[in-house]
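The structure under discussion appears below in the form of structure tokens.
Remember, it's 1-based here, ligands and their atoms both numbered in the order they're listed. Numbers for residues simply follow the sequence, beginning at 1.
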Amino acid sequence: MRYSLRTKLTISYIVVILICVAIISIAANTVFENQFRQYVIDQQEKQAAETVTMIEQRYQAVDTWDVFYLENIGMNALENGMILKVTDAENHLVWDAMVHNDGLCHQMLTNMQENMQGYFSEWEGGYEEKQYAIYDRSAQVGTVSVGYYGPFYYTDRDLYFINTINNLLVWAGIVSLVAALIFGIVMSRQLSKPISRVIESAQRIAKGLFGEKVHEKSKTTEIRQLVDTVNDLGETLQRQQEASRQASLDIAHELRTPLTTMRGNLEAVMDGVMSLDEERVAVLYDEVLRLNRLVDDLGQLSRFERENLILNKVSFDVSDLTRRIVHNMQNDADVQGKRIVFSGKAETIYADIDKISQVLLNLISNALKFTHPGDLIEIAIQGDLQSTKILVKDNGIGIAEEDLPHIFERFYRADKSRNRRTGGVGVGLTIVESIVTAHNGTITVNSIENEGAEFSISLPKEKRNE
Ligand code: ADP
């Protein structure tokens, strides 16, 4: 069964309160009840002892039984649940509450019995007596017998106290439950409302409305993070969508230019306006090369996206590989009037040699593309115990600050019109980044516009799995 966040939270609040109320009730009914019972027993014993002391002191004061005084004390004791009977040394009755007011005594005992049986469902008790000797100058002058409903009894006042506590607990429970319910509803509303709004926005994003933004100012950290993440997701998807749209336009344009040139040339040849001489063939060949490059780039990207993570790792000297690639590109650089320099000691890495070559090729050809004649391109390999660094630095046109975060995105080109001339479609760095990531490495770029760009790759030293 699936429940909403609101129902779950409210239920958990109520369950917690119910558990608390149950624990408090059990604790009250055992600990409190025991303590109170002990208190009542102590109190009753104390009262009996005090009553007897008072009788003894009176006897010692007047040297005989003061029946009027005994009557006073006896009636008072009766109100507190004690039936007094005083006998002298010869066991003659001096005063007896039963004799004095038999009806009241029986009424008191019945009342106690009702109290106890009403409170304890399985109560078993009865009339009990305790004897206390009365002394005057070390001689026993009589005995006071204190009769009561035993083994202990609750007076109306005691029961009132117990019931008040119990009622208080019940009310505390009811108030807590209502409070939990209200809190549960308010809290879950506060949580579920923004989440529902985020869900609605995410659903609109899922339908393709990437510009959709969640405007939710929650005070809950996780919800804020969720809102930011969904907004970021929307923005990324929007950028991707724009990049793909732009890419389709760019690709169409890139294809159209060589195709138009070739078509124009071929039509002119077919119409006999131009002859198919060596120069014409060279122009056509250049356009074919251009098309080839474009199709290669696109093919490479789609292949990469399919088999991105399949790496064919071997151990090789990356400095040696770089030196060879630099050597191969030297000619291009010379033609363009640019200088390429390499520095680095032998550095063995365990990686996919073809894919690392691809990385170097893409970075160096970018450096060649985005520099002016006379500019310098520096390539370096550095290594320490933890990692190997590949640095490609140029002092060319650089990358604008606003473009920096996006240059690794597919089809992203910093300056569309300028790049058209350079012939790229904005996938070179996407490929570089995915190769580096597949090798658990990182790539960073530092650049200042018009001052140059520096790409730095860090590959962790990996043990050969052999
Ligand atoms: P492209 O096929 O356009 O070269 P890349 O993915 O290789 O695509 O590069 C993306 C963009 O990053 C380029 O269009 C360019 O604007 C910028 N860029 C890459 N390398 C450099 C560099 N060395 N100097 C200046 N800009 C660069």
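When the heavy atoms of L429, I377, I407, V392 are ranked by distance to atom 6 (O) of ligand 1, first place goes to L429. The residue among N366, L363, V445 with a heavy atom at the shortest distance from atom 20 (N) of ligand 1 is N366.
Using modelled atom types and a 3.5 Å distance limit, the side chains of E409 and H406 yield a donor-acceptor pair. Side-chain contact check for N34 and Q38: no donor-acceptor pair (N or O, by modelled atom type) lies under 3.5 Å. Side-chain contact annotation: N115 with D156, donor-acceptor N/O pair under 3.5 Å present. Under 3.5 Å, the side chains of T155 and D158 contain a donor-acceptor pair of N or O atoms.
The I399 neighbourhood of ligand 1 comprises atoms 25 (C), 26 (N), 27 (C), with distances under 4.0 Å to a heavy atom of that residue.
Ligand 1 has no N or O atom lying under 3.5 Å from any N or O atom of I397, backbone or side chain. The shortest N or O to N or O distance between A453 and ligand 1 is not below 3.5 Å. Polar contact check, K369 against ligand 1: a nitrogen or oxygen pair lies under 3.5 Å apart.
For N362, no heavy-atom contact with ligand 1 is shorter than 4.0 Å. Only the side chain of F455 comes within 4.0 Å of ligand 1, counting heavy atoms alone; its backbone N, CA, C and O stay farther away.
In summary, the aromatic rings of Y119 and Y154 are positioned with their centroids under 6.0 Å apart.
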Residues 377-388, side-chain donor-acceptor partners within the protein, below 3.5 Å, at least two apart:
| from | atom 1 | to | atom 2 | distance (Å) |
| --- | --- | --- | --- | --- |
| D384 | OD1 | Q386 | N | 3.0 |
| D384 | OD1 | S387 | N | 2.8 |
| T388 | OG1 | E347 | OE2 | 2.8 |

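Applying the salt bridge (charged side-chain N to carboxylate O under 4.0 Å, His left out) test to pairs two or more places apart or on separate chains, those with a residue in residues 179-203 are R197-E216.
The shortest separation from a heavy atom of G396 to ligand 1 is not under 4.0 Å, leaving the residue out of contact.
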